Amino acid sequence: MSPRLYLASQSPRRHQLLEQLGADFVVLDVDVPEQRAPGESPHDYVSRVARDKARAGLAALAHAGDALVLGADTEVVLDDDEVFGKPRDAADAAAMLRRLSGRTHAVVSAVWLVGSGGERCEVCVSQVRFATLDEPAIAAYVATGEPFGKAGAYAIQGRGAAMVEHLDGSYSGVMGLPLFETARLLRRGGISPAG
Ligand SMILES: Cc1cn([C@H]2C[C@H](O)[C@@H](COP(=O)(O)OP(=O)(O)OP(=O)(O)O)O2)c(=O)[nH]c1=O
């Protein structure tokens, strides 16, 4: 029998993406601070936060047994070092979109699978080229409300798709849960999501 699978995430996108793999899972509510430490690389930061979400989920289980917990984190990275998380407000969202306009940025998504028997991780990096956006376009997009709760203030799966000129990498990774890498993690953890 497969181990029980939990997803430590409140992101509706992550729930939907994990369902797409055909996995049976239970959602756990965790609250992990997302703050980059001084000198921490974007890659290490994203990976650490994803790991802490998964570990917090495992710690929240009364009887972990052979349970496995998935945790994920996604951030937008510009010029290798500037990290854009979820915007604080409309002005912050507009400022992020202005910076992304006409340029290529990276979207880094990390996934951890943790259990009492061990921990595994995958990190997926995608390159996204944005169209040039003028102020009315930025204001109109922010007014849709879509940027809120999304790293980098856009959603590739929503109206934000109109701003994405080119994607080199993983569509599901940009959306928050890289499915190829997640499926590989689950298989290695003894879970066959596709049945
Ligand atoms: C770039 C991009 C991000 N996102 C989302 C995915 C993530 O939900 C969010 C990044 O924030 P995260 O901190 O990775 O995740 P979260 O706070 O939404 O959920 P949880 O910590 O409970 O798992 O941005 C999109 O939905 N579409 C996109 O195109």
Side-chain angles (χ1 to χ4, degrees), residues 5-20 23 25-36 40 42-60 69-78 82-88 92-93 95-97 99-101 103-114 121-131 133 138 141-142 144-179 181-182 185:
L5 179 64
Y6 294 84
L7 175 63
S9 172
Q10 294 311 298
S11 162
R13 276 84 52 183
R14 296 204 170 106
H15 304 171
Q16 180 199 331
L17 287 164
L18 192 56
E19 276 167 10
Q20 193 180 328
F25 62 95
V26 173
V27 169
L28 294 172
D29 193 356
V30 297
D31 191 17
V32 167
E34 297 192 20
Q35 199 158 16
R36 190 174 166 200
E40 190 174 34
H43 178 288
D44 289 352
Y45 167 58
V46 175
S47 181
R48 174 177 61 81
V49 171
R51 185 199 64 203
D52 288 353
K53 289 177 186 177
R55 284 183 180 173
L58 189 68
V69 182
L70 265 182
D73 192 64
T74 299
E75 309 285 339
V76 161
V77 181
L78 189 63
E82 199 176 353
V83 173
F84 294 154
K86 292 164 282 194
R88 286 184 304 276
D92 195 27
M96 288 183 188
L97 293 165
R99 298 292 316 285
L100 300 179
S101 170
R103 305 198 53 200
T104 298
H105 62 266
V107 181
V108 183
S109 280
V111 192
W112 278 78
L113 185 65
V114 312
C121 137
E122 296 260 3
V123 179
C124 168
V125 182
S126 301
Q127 302 292 330
V128 176
R129 177 163 182 83
F130 253 39
L133 309 171
I138 290 172
Y141 184 57
V142 172
T144 66
E146 193 174 273
F148 303 107
K150 319 281 182 346
Y154 73 95
I156 197 170
Q157 72 276 19
R159 294 188 193 193
M163 307 184 303
V164 174
E165 207 168 286
H166 186 77
L167 164 66
D168 184 3
S170 164
Y171 181 85
S172 54
V174 175
M175 248 182 97
L177 190 72
L179 289 182
E181 290 80 359
T182 301
L185 265 187

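No hydrogens, no waters, no symmetry mates; every other heavy atom, side chains included, goes into these values. Atoms within each ligand, like the ligands themselves, are counted from 1 in listed order. Keep in mind the model is a prediction, meaning the values are calculated, not measured.
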Judged on heavy-atom distance to atom 4 (N) of ligand 1, which of Thr74, Val174, Leu177 sits nearest?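 Checking each option, the heavy atom nearest atom 4 (N) of ligand 1 is found in Val174.
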Just so I know, are the side chains of [X] and [Y] near enough to count as touching, which here means a heavy-atom distance under 4.5 Å?
{"X": "Leu5", "Y": "Val26", "value": "no"}
{"X": "Glu34", "Y": "Asp73", "value": "yes"}
{"X": "Val111", "Y": "Leu177", "value": "yes"}
{"X": "His166", "Y": "Val128", "value": "no"}
{"X": "Val125", "Y": "Val107", "value": "no"}

Tell me: protein heavy atom nearest [atom], and distance?
{"atom": "atom 15 (O) of ligand 1", "result": "Arg14 NH1, 2.9 Å"}
{"atom": "atom 17 (O) of ligand 1", "result": "Lys86 NZ, 2.4 Å"}
{"atom": "atom 8 (O) of ligand 1", "result": "Arg13 NH2, 2.9 Å"}
{"atom": "atom 22 (O) of ligand 1", "result": "Gln10 N, 2.7 Å"}
{"atom": "atom 6 (C) of ligand 1", "result": "Met175 O, 3.2 Å"}

Does an N or O from [X], backbone or side chain, lie closer than 3.5 Å to an N or O of ligand 1?
{"X": "Ala8", "answer": "no"}
{"X": "Glu34", "answer": "yes"}
{"X": "Glu75", "answer": "no"}
{"X": "Ala151", "answer": "yes"}

Verdict with reasoning, Val83 to Val76, per side chain to side chain contact (heavy atoms under 4.5 Å, CB included): CA-CA 6 Å; Val83 173; Val76 161; over 6 Å; no
Quick one: do Arg36 and Glu75 make a salt bridge, cutoff under 4.0 Å?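 No, Arg36 and Glu75 are not salt-bridged.
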Are Arg129 and Glu165 close enough for a salt bridge, meaning some N to O gap below 4.0 Å?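 Salt bridge flag = yes for Glu165 with Arg129.
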Atoms in ligand 1 with a heavy atom of [X] nearer than 4.0 Å:
{"X": "Asp73", "value": "12 (P), 13 (O), 14 (O)"}
{"X": "Ala155", "value": "27 (N), 28 (C), 29 (O)"}
{"X": "Lys53", "value": "12 (P), 13 (O), 14 (O), 15 (O), 20 (P), 21 (O), 23 (O)"}
{"X": "Ile156", "value": "27 (N), 28 (C), 29 (O)"}
{"X": "Gly149", "value": "9 (C), 24 (O)"}
{"X": "Gln157", "value": "25 (C), 26 (O), 27 (N), 28 (C), 29 (O)"}
{"X": "Ser11", "value": "8 (O), 18 (O), 19 (O), 22 (O)"}

List the steps and the verdict of side-chain hydrogen bond (donor to acceptor under 3.5 Å, both in side chains) for Arg14 and Thr182. CA-CA 11 Å; Arg14 296 204 170 106; Thr182 301; over 6 Å; no
State the OG-CD distance between Ser172 and Gln16, to the nearest 0.5 angstrom.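 Reported to 0.5 Å precision, the distance equals 11.0 Å.
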Could you tell me if the ring centre of His105 sits under 6.0 Å from that of Tyr154?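 Yes, the ring of His105 comes within the 6.0 Å limit of the ring of Tyr154, centre to centre.
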